[in-house]
Amino acid sequence: MQLYNSLTRRKEPLPEPPGPIRIYVCGPTVYQRIHVGNARPYVVFLWLRRWLEAGGYDVALVENVTDVNDKIYDAARAEGIPSAELAARATRWYFEDTEELGLGRPDVEPLATETIPEIVALIEELVDRRLAYASGGDVYFRVAAFPEYGSLSGANPDDMVAQEPSDLKEDPRDFALWKATKPHEDTSWSSPWGDGRPGWHIECSAMAEKHLGPQFEIHGGGLDLRFPHHENELAQSRGAGREFARLWAHNGMLELASEKMSKSLGNIVSLRDALDRWGREAILLLLLGAHYRSPVEFSERAIEQARAQVETFRDHFVGLEHGAEVVERERLAEALDDDFNTADALALLHDWRSRGLSASLAWGLELFGLGSLGRASEAPDEVKELAERRLRARAEREFGEADRLRHEIEQAGWQVRDVAEGFQLVPR
RNA sequence: GGCGCGGUGGCCGAGUGGUUAGGCAGAGGCCUGCAAAGCCUCGUACAGCGGUUCGAAUCCGCUCCGCGCCUCCA
């Protein structure tokens with residue numbers, strides 16, 4: 001299998017199975033319910049793990065939670081509750097909402113606040129190596145001392161302007177590893193430089209190493225993180241002498257620009273709302289239909305199209321015994337082994353459906369967490385009873401009564417279809 | 001301005017030199033008490049301009065347009 005490496009800007013082969021393939025993904029900052037865009041890297045990398053494991057790989061997936069940061073302080077202050085409490089609540093929401101996607105969970109989901117000793121130790125190492133310096137209770141990374149800086153984002157360090165202007169910095173490009181506690185911040189830890197909390201980037205360097213070791217195969221996350229976050233992670237870890245990630249995989253953005261939706265929901269759709277409104281399968285199918293590196297527009301129209309596909313696949317299995325043909329695994333592998341092209345894979349699922357290759361289809365859907373579409377659910381007895389009555393009404397040619405019953409069945413959330421053997425009930 | 005990505009039929013979206021992608025929507029038909037589902041048929045796209053080539057959506061150049069990042073946003 002090969003994957004596109006953002007660092008080298010070309011596709012590169014992964015080691016042969018069983019690997020191992022160790023993956024670190026940057027998860028969300030938890031200060032409110034996550035939005036559907038946050039769900040994209042979560043979905044993409046869980047899918048990738050499923051595919052790698054199906055191919056005999058030994059995979060370790062770590063996806064962190066950033067639970068200390070300015071936004072969390074701000075949100076907590078606005079609500080008048082301790083920031084640790086707000087972060088804990090939002091972390092719980094994150095787990096609940098993503099759990100509903102039904103893709104399983106990463107092997108480890110570390111919190112930044114549980115990694116403080118490792119973070120402090122790593123900063124001390126950087127200070128010892130003269131790649132970092134303490135200044136007024138803060139500690140900064142010395143960009144000028146790391147020649148590789150800019151290699152990931154492709155930016156020339158000389159062209160860079162201040163990341164966050166501060167009088168405490170030697171160089172405006174330097175970035176914070178440790179920040180001294182400010183009066184309005186209610187969460188802090190003691191350190192050799194005084195009370196404070198970690199900068200945004202160092203936590204990921206520390207967590208990745210803690211759970212995957214100094215060298216691992218894949219580092220993932222949203223494309224928007226490439227700079228400065230990933231550039232800075234790379235500088236910290238490589239600067240400290242670790243090989244760190246060999247391949248950087250960035251997913252494209254989910255765009256929430258659509259007309260109708262933005263008005264009512266302020267341009268942000270939470271994963272929670274999306275799940276309630278369109279269901280997990282539609283969200284997954286929308287993401288499946290685009291290559292992971294491409295942007296995806298999350299519009300009313302787009303998600304409705306995805307939902308139509310949910311029905312298409314579900315319909316295929318209604319009243320059907322699963323096929324027993326040999327699964328065309330190779331054809332799916334062709335698509336997925338080449339930079340994980342799920343859009344191509346989705347086309348193949350449709351192909352299997354139209355050719356009646358139900359065993360292949362069921363296997364493919366299951367791979368992407370869509371196995372539920374291959375298992376027609378059983379209608380409740382009340383609904384079946386209505387359908388029986390309608391069948392008798394039709395036999396008596398009392399079509400008015402039959403139509404009335406069909407309407408009643410629809411009210412109960414089911415669709416009735418007439419087939420040679422009687423009827424079928426399909427959830428709607 | 002800098003770095004990077006992209007512009008495919010009504011919409012979404014594959015496709016790295018020569019064969020029908022696929023889905024959604026739409027039109028017609030078969031089937032049906034009416035439906036639904038399914039099946040059949042139909043649209044002949046590749047931003048523009050040059051170039052390379054027997055042949056380009058696919059390679060090269062330029063132009064136009066869009067997007068991401070460049071003060072912590074997955």
Side-chain angles (χ1 to χ4, degrees), chain A residues 4 6 9 25-29 34-45 63 66 68-72 150 152-156 158-166 172-173 175-176 179 199-201 203 220-232 250-255 257 268 271 285-286 288-291 293-297 299 301-309 311-316 318-319 335 341-354 356 393-395 397-400 402-403 406-407 410 415-420 423-424 426 428:
Chain A
Y4 182 84
S6 299
R9 296 189 184 79
V25 178
C26 287
T29 298
I34 65 162
H35 62 261
V36 281
N38 292 307
R40 173 119 96 140
Y42 181 87
V43 169
V44 164
F45 290 99
E63 182 157 353
T66 296
V68 54
N69 131 317
D70 287 336
K71 286 190 175 175
I72 295 171
L152 179 60
S153 55
N156 181 347
D158 297 336
D159 294 341
M160 290 181 185
V161 213
Q163 293 203 12
E164 195 178 20
S166 163
R173 299 171 303 175
F175 56 90
K179 297 181 175 187
W200 180 34
H201 320 293
E203 62 178 69
L223 184 58
D224 54 344
L225 296 183
R226 199 185 52 187
F227 189 91
H229 188 236
H230 289 166
E231 187 75 60
N232 292 352
H250 289 112
N251 61 272
M253 299 292 96
L254 195 72
E255 294 170 358
I268 294 272
L271 176 58
L285 241 13
L286 176 71
L288 194 66
H291 185 102
R293 288 194 282 125
S294 303
V296 168
E297 186 189 310
S299 62
R301 186 180 175 126
I303 190 73
E304 287 297 344
Q305 278 201 12
R307 205 167 65 158
Q309 291 186 64
E311 306 302 341
T312 299
F313 284 123
R314 212 200 300 276
D315 287 343
H316 175 84
V318 172
N341 192 335
T342 58
D344 213 10
L346 177 59
L348 184 59
L349 295 185
H350 281 292
D351 182 53
W352 282 337
R353 176 184 57 80
S354 66
R394 290 185 66 230
R397 304 193 66 76
E398 289 169 6
F399 297 122
D403 289 347
R406 174 166 57 203
H407 183 69
E410 280 166 3
Q415 181 188 65
V416 63
R417 293 178 189 164
D418 300 323
V419 292
F423 60 81
Q424 286 176 343
V426 189
R428 275 292 181 262

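The chains referred to below are lettered A, B, ... by the order of the sequence lines, with proteins before strands, and numbering in each begins at 1.
The side chain of A:Asn341 places an N or O atom within less than 4.0 Å of a non-bridging phosphate oxygen (OP1 or OP2) of B:G15.
Interatomic distance, A:Leu348 CG to A:Thr342 OG1, rounded to the nearest 0.5 Å: 12.5 Å. One finds the CG atom of A:Leu349 at 11.0 Å from the NE2 atom of A:His316 (value rounded to the nearest 0.5 Å). Here CG of A:Leu346 is found 11.5 Å from CG of A:Asp351. Values are rounded to the nearest 0.5 Å.
A salt bridge links A:Arg307 to A:Glu304: one of the charged nitrogens lies within less than 4.0 Å of a carboxylate oxygen.
Using atom P as the reference point in both B:C62 and B:C3, the two lie 14 Å apart (nearest Å). For the P atom pair drawn from B:G28 and B:U16, the interatomic distance equals 37 Å after rounding to whole Å. Between the P atoms of B:A57 and B:C5, the separation comes to 23 Å (whole Å). Taking the P atom of each, B:G66 and B:A27 are spaced 34 Å apart, rounded to whole Å. Taking atom P in both B:U20 and B:C34, one finds a spacing of 38 Å when rounded to whole Å. As rounded to the nearest Å, B:G48 and B:A14 have C1' atoms that lie 24 Å from one another. Between B:C59 and B:C65, the distance separating the two P atoms is 23 Å to the nearest Å. Atom C1' of B:C39 sits at a distance of 26 Å from the matching atom of B:A45, rounded to the whole Å.
Using a 4.0 Å heavy-atom distance criterion, A:Gly199 is classed as making no nucleic acid contact. In this structure, A:Pro41 reaches the bases: a heavy-atom distance under 4.0 Å links it to at least one base atom across the strands shown. Within 4.0 Å of A:Leu286, counting heavy atoms only, lies no atom of the nucleic acid at all. Among the atoms of the strands shown, base atoms are found under 4.0 Å from some heavy atom of A:Gly37. Using a 4.0 Å heavy-atom criterion, one finds that A:His250 contacts no nucleic acid atom at all. Counting any heavy atom pair closer than 4.0 Å across all strands shown, A:Ser294 reaches sugar-phosphate atoms only and no base atom.
Across the protein-nucleic acid pair, A:Phe227 atom CZ and B:C5 atom P stand 17 Å apart, rounded to whole Å. Distance CD1 (A:Ile34) to P (B:A74): 10 Å, rounded to an integer number of Å. In this structure, A:Asn251 places its CG atom 14 Å from C1' of B:C69, rounding to the nearest Å. Whole-Å rounding puts the A:Arg293 CZ to B:G15 C1' distance at 14 Å. Rounded to whole Å, atom P of B:U71 lies 13 Å from atom CD of A:Glu231. Distance A:Glu297 CD to B:G6 C1': 15 Å, rounded to the nearest Å. The nearest whole Å value for the distance from the CG atom in A:Leu349 to the P atom in B:A14 is 15 Å. With rounding to whole Å, A:Tyr4 atom OH is found 12 Å from B:G6 atom C1'.
Within 6.0 Å of atom CZ in A:Arg397, 12 or fewer heavy atoms from other residues, nucleotides or ligands are found, so the atom counts as exposed in its surroundings.
Nucleotide B:U58: unpaired (no Watson-Crick or G-U wobble partner with both distances less than 3.5 Å). In this structure, B:C34 forms no base pair with any nucleotide, since neither Watson-Crick nor G-U wobble geometry is met with both distances under 3.5 Å. B:A21 is unpaired under the criterion used here, namely a Watson-Crick or G-U wobble arrangement in which both key atom distances are under 3.5 Å. The pairing partner recorded for B:G26 is B:C42, the criterion being a Watson-Crick or G-U wobble arrangement whose two distances lie under 3.5 angstrom. With a 3.5 Å ceiling on both atom-pair distances, the Watson-Crick or G-U wobble partner of B:C67 is B:G4.
The shortest side-chain heavy-atom distance between A:Trp200 and A:Asn232 does not fall under the 4.5 Å cut-off.
In this structure, the side chain to side chain contact (heavy atoms under 4.5 Å, CB included) partners of A:Gln415, at least two apart in sequence or on a different chain, are A:Arg417, A:Val426, A:Arg428. Listed by chain and residue number, nothing satisfies the ring pair (Phe, Tyr, Trp, His ring centres under 6.0 Å) test with A:Phe423 (two or more places apart in sequence, or in another chain).
Of the candidate nucleotides B:A74, B:G23, B:A14, B:A14 has the atom lying nearest to any side-chain atom of A:His291.
A donor-acceptor contact shorter than 3.5 Å links the side chain of A:Glu231 to the backbone of A:Gly150.
For the pair A:Gly252 and A:Pro295, both in contact range of RNA chain B, the more 5′-proximal nearest nucleotide belongs to A:Pro295.
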task: At under 4.0 Å between heavy atoms, which parts of nucleotides 25-43 of chain B does protein reach? Answer with one letter per nucleotide, 5' to 3': B base, S sugar-phosphate only, - none.
output: --------BBBBS------
